[in-house]
Structure formats: C-alpha cells, structure tokens
Amino acid sequence: MSWQVTYTPEAAKDVARLDGSQQKEYAKAINKVSQNPLPQQEGGYGKPLGNKGGRNLTGLFKVKLRGAGIRIVYALERRDEEMVIVVVGARADDEVYDIALERWERYSS
C-alpha cells in the first residue's frame with residue numbers, strides 16, 4: 001500500500017525546476033519510497049535527519065538520488081499515511097537542510 005504524497009508549495013516548485021532526466025529519476029524514486037517511507041530502523045527507505053549541523057531536523061527524513069544528484073527531504077504524517085515532500089535540492093549542497101528547516105517550521109505550525 002502506498003502512502004499519499006503531498007508537497008509544500010515550494011517543494012512543488014523545486015520539482016518543476018528539475019531537468020527532464022532528473023524529473024524521471026525523481027518520479028521513479030518517489031513511487032518507490034512512497035511504498036514504505038518509514039525510517040530505515042522500521043524497514044523503510046527514509047534516513048532520519050535528527051540534529052544535522054546544528055539544525056534540529058527531528059521528524060524529517062532524507063533520500064538521496066546519487067545518479068541524479070538530488071536530495072529529497074520529507075516528513076511523515078503517520079495518522080493519515082501522508083508523505084509530505086518539504087524540499088528537493090542538490091545533493092552536494094547542505095543548504096538544502098537550512099531550507100528544509102525554514103519550510104518545515106512554517107508548514108507544520
């Protein structure tokens with residue numbers, strides 16, 4: 001059973017900015033991860049972020065698409081089985097964590 005995938009408004013724009021090959025990789029990955037977006041400790045695909053470089057990202061998870069150079073940060077709304085995409089950005093850039101923190105604080109309030 002697949003979890004429902006939703007996006008913050010900014011994350012939807014992030015996906016739209018990906019080039020064609022990256023969008024294909026992204027779509028394939030989200031389809032796979034949405035089947036089991038739970039943390040790796042629970043048998044899922046998500047890697048918990050926790051405290052990352054002084055940023056409290058507890059409750060957020062990441063998936064890296066090495067081939068496409070993309071990092072996806074998402075949150076889970078377990079009661080609704082909803083996977084909320086917070087940010088989609090360059091894998092090599094830790095700025096994605098700053099963006100994730102700012103967006104999630106705004107979205108989850």
Side-chain angles (χ1 to χ4, degrees):
M1 184 177 132
S2 183
W3 287 50
Q4 178 183 344
V5 179
T6 61
Y7 296 83
T8 63
E10 299 92 344
K13 291 176 185 174
D14 293 343
V15 174
R17 283 191 291 263
L18 298 174
D19 70 34
S21 64
Q22 287 176 321
Q23 284 188 1
K24 286 181 185 177
E25 286 282 328
Y26 172 81
K28 183 177 167 184
I30 287 301
N31 186 43
K32 179 179 179 180
V33 173
S34 69
Q35 300 300 313
N36 190 359
L38 297 172
Q40 291 173 340
Q41 303 92 295
E42 295 178 42
Y45 293 107
K47 183 174 181 182
L49 289 175
N51 195 347
K52 189 83 168 166
R55 303 168 199 91
N56 184 6
L57 299 171
T58 302
L60 297 176
F61 303 90
K62 74 175 178 180
V63 174
K64 293 190 266 186
L65 308 181
R66 289 187 179 110
I70 298 170
R71 180 176 286 135
I72 303 165
V73 177
Y74 66 94
L76 296 178
E77 299 289 342
R78 290 181 185 243
R79 69 182 175 278
D80 299 326
E81 291 195 353
E82 181 179 12
M83 179 181 169
V84 181
I85 307 298
V86 178
V87 64
V88 178
R91 190 174 71 86
D93 189 353
D94 277 353
E95 179 185 6
V96 80
Y97 297 125
D98 291 329
I99 294 168
L101 179 61
E102 183 265 323
R103 287 181 185 176
W104 189 241
E105 284 176 345
R106 192 168 4 116
Y107 180 80
S108 64
S109 301

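In this chain, numbering begins with 1 at the start of the sequence shown.
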Inset, instruction - Search all heavy atoms of Ser34 against all heavy atoms of Val5 and return the closest pair with its distance. - result: CB-CG2, 3.6 Å

Inset, instruction - For the pair Tyr74 (side chain) and Pro37 (backbone), establish whether a donor and an acceptor sit closer than 3.5 Å, ignoring hydrogens and angles. - result: yes

Legend entry - Lys/Arg N to Asp/Glu carboxylate O, Arg55 vs Asp94, below 4.0 Å: no

Legend entry - Flag, side chain of Thr8 to backbone of Val86, donor-acceptor distance under 3.5 Å: yes

Legend entry - Check: Leu76 and Met83 side chains under 4.5 Å, non-hydrogen atoms: yes

Inset, instruction - First locate atom CD1 of Ile72, then atom CZ of Phe61, and finally report the distance between them rounded to the nearest 0.5 Å. - result: 14.5 Å

Legend entry - Reference residue Trp104; test side-chain contact (heavy atoms from CB on, under 4.5 Å); the match among Ile99, Asn56, Val73, Leu60: Leu60

Legend entry - Closest approach of Gln23 to Leu18 (non-hydrogen atoms, all atoms of both residues): NE2-O, 3.1 Å

Inset, instruction - Measure the OH-NZ distance between Tyr7 and Lys13 for me, rounded to the nearest 0.5 Å. - result: 15.5 Å

Legend entry - Test side chain to side chain contact (heavy atoms under 4.5 Å, CB included) applied to Glu10 and Val87, step by step: CA-CA 7 Å; Glu10 299 92 344; Val87 64; over 6 Å; no

Legend entry - Student check: side-chain heavy atoms of Asp80 and Gln4 closer than 4.5 Å: no

Inset, instruction - Of all the heavy-atom pairs spanning Lys32 and Tyr45, show the shortest one and how long it is. - result: CE-OH, 3.3 Å

Legend entry - For the student: nearest non-hydrogen atoms of Leu101 and Leu57, plus distance: CB-CD2, 3.7 Å

Legend entry - Contact summary for Arg71 and Tyr97, nearest pair of heavy atoms: NE-OH, 3.1 Å

Legend entry - Whether over 12 other heavy atoms sit under 6.0 Å from Arg66 CZ: no

Inset, instruction - Answer whether the closest heavy-atom distance between the side chains of Asp14 and Arg103 falls below 4.5 Å. - result: yes

Inset, instruction - Please confirm whether the backbone N or O of Lys47 pairs with a side-chain atom of Gln40, one donor and one acceptor, at under 3.5 Å? - result: no

Legend entry - Nearest-0.5 Å distance that lies between atom NZ in Lys62 and atom CG in Leu49: 6.0 Å

Legend entry - Interatomic spacing from CD1 in Ile70 to CD in Glu25 - rounded to 0.5 Å: 7.5 Å

Legend entry - Flag, side chain of Glu42 to backbone of Pro39, donor-acceptor distance under 3.5 Å: no

Legend entry - Ile85 vs Tyr26 side-chain heavy atoms within contact, under 4.5 Å: yes

Inset, instruction - State the CD-CD distance between Glu105 and Glu102, to the nearest 0.5 angstrom. - result: 8.0 Å

